[in-house]
Structures are given as structure tokens and as C-alpha cells.
Amino acid sequence: MARKFSADIIFPVSSPPIKNGVVVTDGEGKILEIASPPNPLSKEEGELEYYQGIIVPGFVNAHCHLELSHLKGAIPEKAGLDEFIMGIESLRAASEDEIISASEKADAEMYSAGIVAVGDISNKNYSFRTKTKSKIFYHTFIELLGFHPSRAEYAFEKGIQLAEELKNKNVSLTMHAPYSASIPLLKRIRKYAEENNSVLTMHNQENADENLLFLNKTGKILKRLEALGIDASFFEPTGKSSLLSVLPHLPGKGKIQLVHNIHTTRDEIDVAMNYNPNLYWCFCPNANLYIENRLPDIKMFYDKKLKITLGTDSLASNHQLSILEEIKTVQKNFPEIKFEEILKWATLNGADLLGITGQFGSIEKGKQPGLINISGVGENHFQVTSHAKAIRLI
Ligand SMILES: [Zn+2]
């Protein structure tokens, strides 16, 4: 049976906000009609369901690691990326049951917090079952790690095996970060992405040490590689930042999402966009505050009119997996950025990255994007307050 939803303002995202608009869906949530008042909906069946606040399409979490959900609260805050990674390494030895049950819980939390689609990183197969049977759409980024060139073929083959095990076409093989991918591995990933027309994602410049490794072969990342027993003697610094060092080995066409971008400069953005205009810039502000206690200059990316997405990163570095909480943090720290724009990052841009705009990302006739009511939106409805809440309507 058809349902009619209304609120103080409807934000379709792909078109201007509608004061007291009405969205009509079928029983499954497919959008049948969007109307502005006074609206001619009398022939539609069903009572009008009115909500205080706003209605927005379901959120797209563009960067998550579901398989790290069991590490919630396990790693101290604000200790820096290096300490964080060491912490993760020492805590990975959890039982498979523990990892699976934490993934299930996190998936259910994301669903009720209004997330309809996730770009999710996997290093192992632990989260596959949860993702396959979830009500959320998942695109899985299988992350390949291999700093030493001799490891490239092994890492790639392992990735192919994992992708086959997932039995799902929404999957990519991708690099983790510039400092964990040798040139042969990057070339292998590039070839595969170009052949399969697949989207890539890469952690980028989360911390200053990434640049130090490539600039002059110094910094904590080098020390960590050595501490892990990885031979770094072959590695020649490029004298350039990490991003500019790996850029020539990434596909020049096709979608690539760069995640974090805390230490990315204006000039580097220009060079990167010139090389590949299909770059997406993902921010996970709450994770950045958790790990490094600093934020990227999101306003700079906004001013450059780049395609921005939002992610939660994992529960190892966040108190919750909630895109609304990420929106709040962006708004609190960058009040000059328009709410409608941040909302687009949280919905349509993420859907665009994952190639799912046919169904998700905006309230449009024929789509089934999920409808979310956000209450606690302040007087003018064009900002969320710190106590705003998201409730899934359908
Ligand atoms: Zn991450």
C-alpha cells in the first residue's frame, strides 16, 4: 500500500528543498511521487505521516571497515596514527566469532541510523556473510597490502581469491595507502581496475609521516616497517609528497576515492585533479579527531567545488558509525559550508562513487533511496543541532 510522508522540509538533494512537501512511496519504499503544497494527492491512498524536522534520502557511508567493529573502544584516543596502527595490529588476534558478532551489531546500528549503502574495506573474509545478508547495500573494497615489490603478485592473487569468495559483483581490488603499496602492486591494481571498470579507494595523507617517507625516507612509518621486519632497503624516496609519488601509477580515468586528506595541499589537489578528474575526496572527521585530533581543511576542498563524500571509518577509531554525527562535526567546525551541500556529500555523492544513483542518493521518482527523518534541526531547518537524531522511516 502507498504511504505518504511529510515534514517541515523535504530535501530531495537532487532538487531544491520543499517546505511541507509530500513524498509518496509504495510499500517497499519506491518513490511514486513528490509534491509541493497545495498538492493534488487526494487520489492516493493512505494517511499522511507527518514528521517534525526534515526528511532526507538514506545516507551513504563512503568509507568504513566493518571487520574492525570488535575494536570499539579498544584503542586510546588522540595518540596519533602510528600508535593507532600498532594498536590495531596487536588487537587483530580476536576470535572469528567475536569479529562476526561485532560486525552484525555494527551493521544493524548503521541501518537504524539511516545508512542505506556503504563503501566497506575488507582485508579478510570475516565480514562477508554479514554484508551479503544485510539490508544495507555494500560495495566491498578488498585492500591489498604489499610494501615490498616481491610481495605484489602474492597480494594480488590473495585479493582475487577473496573477491571470488565474496560471490558479489560489487567488489573492487584496491590499495590501502601509498606507503603500503609497491609500484608493481599499484600497476597490477591499475590494470585490473581498468579492465573491470572498477572504482578504487585509497587512504591518503592521514598523517605527516606518510609524506616524510616519500620526501626523504624518514619518519615513523619507515620505523614501523622496519619494526615489522619489512625490508625497506630497496625504497628510493621521490622527493615528492606521498600522493604525488603514487599518482602516476593510479588510473588516469575512472573513479578513485581518496580518504582523509589531512595533509593534502591546494597545489597537490590541482595536480591530482589534472591527472584524473574523477577523484572523490572522502572525509571521516570524527575518526580524524579520534586518532590525530585534527581535521583536514574541508573548506578548501569545498571552495574548489570537488566531489566530496563522507565516511565513518571503523569503530576502532570512532564512537559510532553514523553519517549524521559526521555531518554535525563538519558543520560545527566549518559553519560557513551550506547544510544542503554537506547533505549532498552524505547521500548523492557517495551513491555516485559507488555507481548506485539509479536507486540511492536522492528522493526522485522511481528510486528507492530510503527516507530518513532528522529531528533537532534548529529554527531554520537548514542546520543540524548537536542533539539532532536520525530515524529511518522506510
Ligand atoms: Zn580507513
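First listed ligand is number 1; within each ligand, the first listed atom is number 1. Predicted, not measured: the structure shown is a model, and the values here were computed from it.
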State which residues pass salt bridge (charged side-chain N to carboxylate O under 4.0 Å, His left out) with Glu194; sequence neighbours excluded, sorted by chain then number.
Arg190
Suppose the cut-off is 2.8 Å; how many protein N/O/S atoms fall inside it around the Zn ion (ligand 1)?
4
Should the pair Arg3-Glu49 be classified as a salt bridge under the 4.0 Å nitrogen-to-oxygen rule?
yes
Can you tell me how far the CG atom of Asp8 sits from the CD1 atom of Ile18, to the nearest 0.5 Å?
13.5 Å
His176 vs His203 aromatic rings, parallel, tilted or perpendicular, using cut-offs 30° and 60°?
tilted
Take Thr130 and Tyr138 through the side chain to side chain contact (heavy atoms under 4.5 Å, CB included) test and state the conclusion after the steps.
CA-CA 10 Å; Thr130 307; Tyr138 280 92; 5.5 Å; no
Neighbour count above 12 (heavy atom, 6.0 Å) for Lys220 NZ:
no
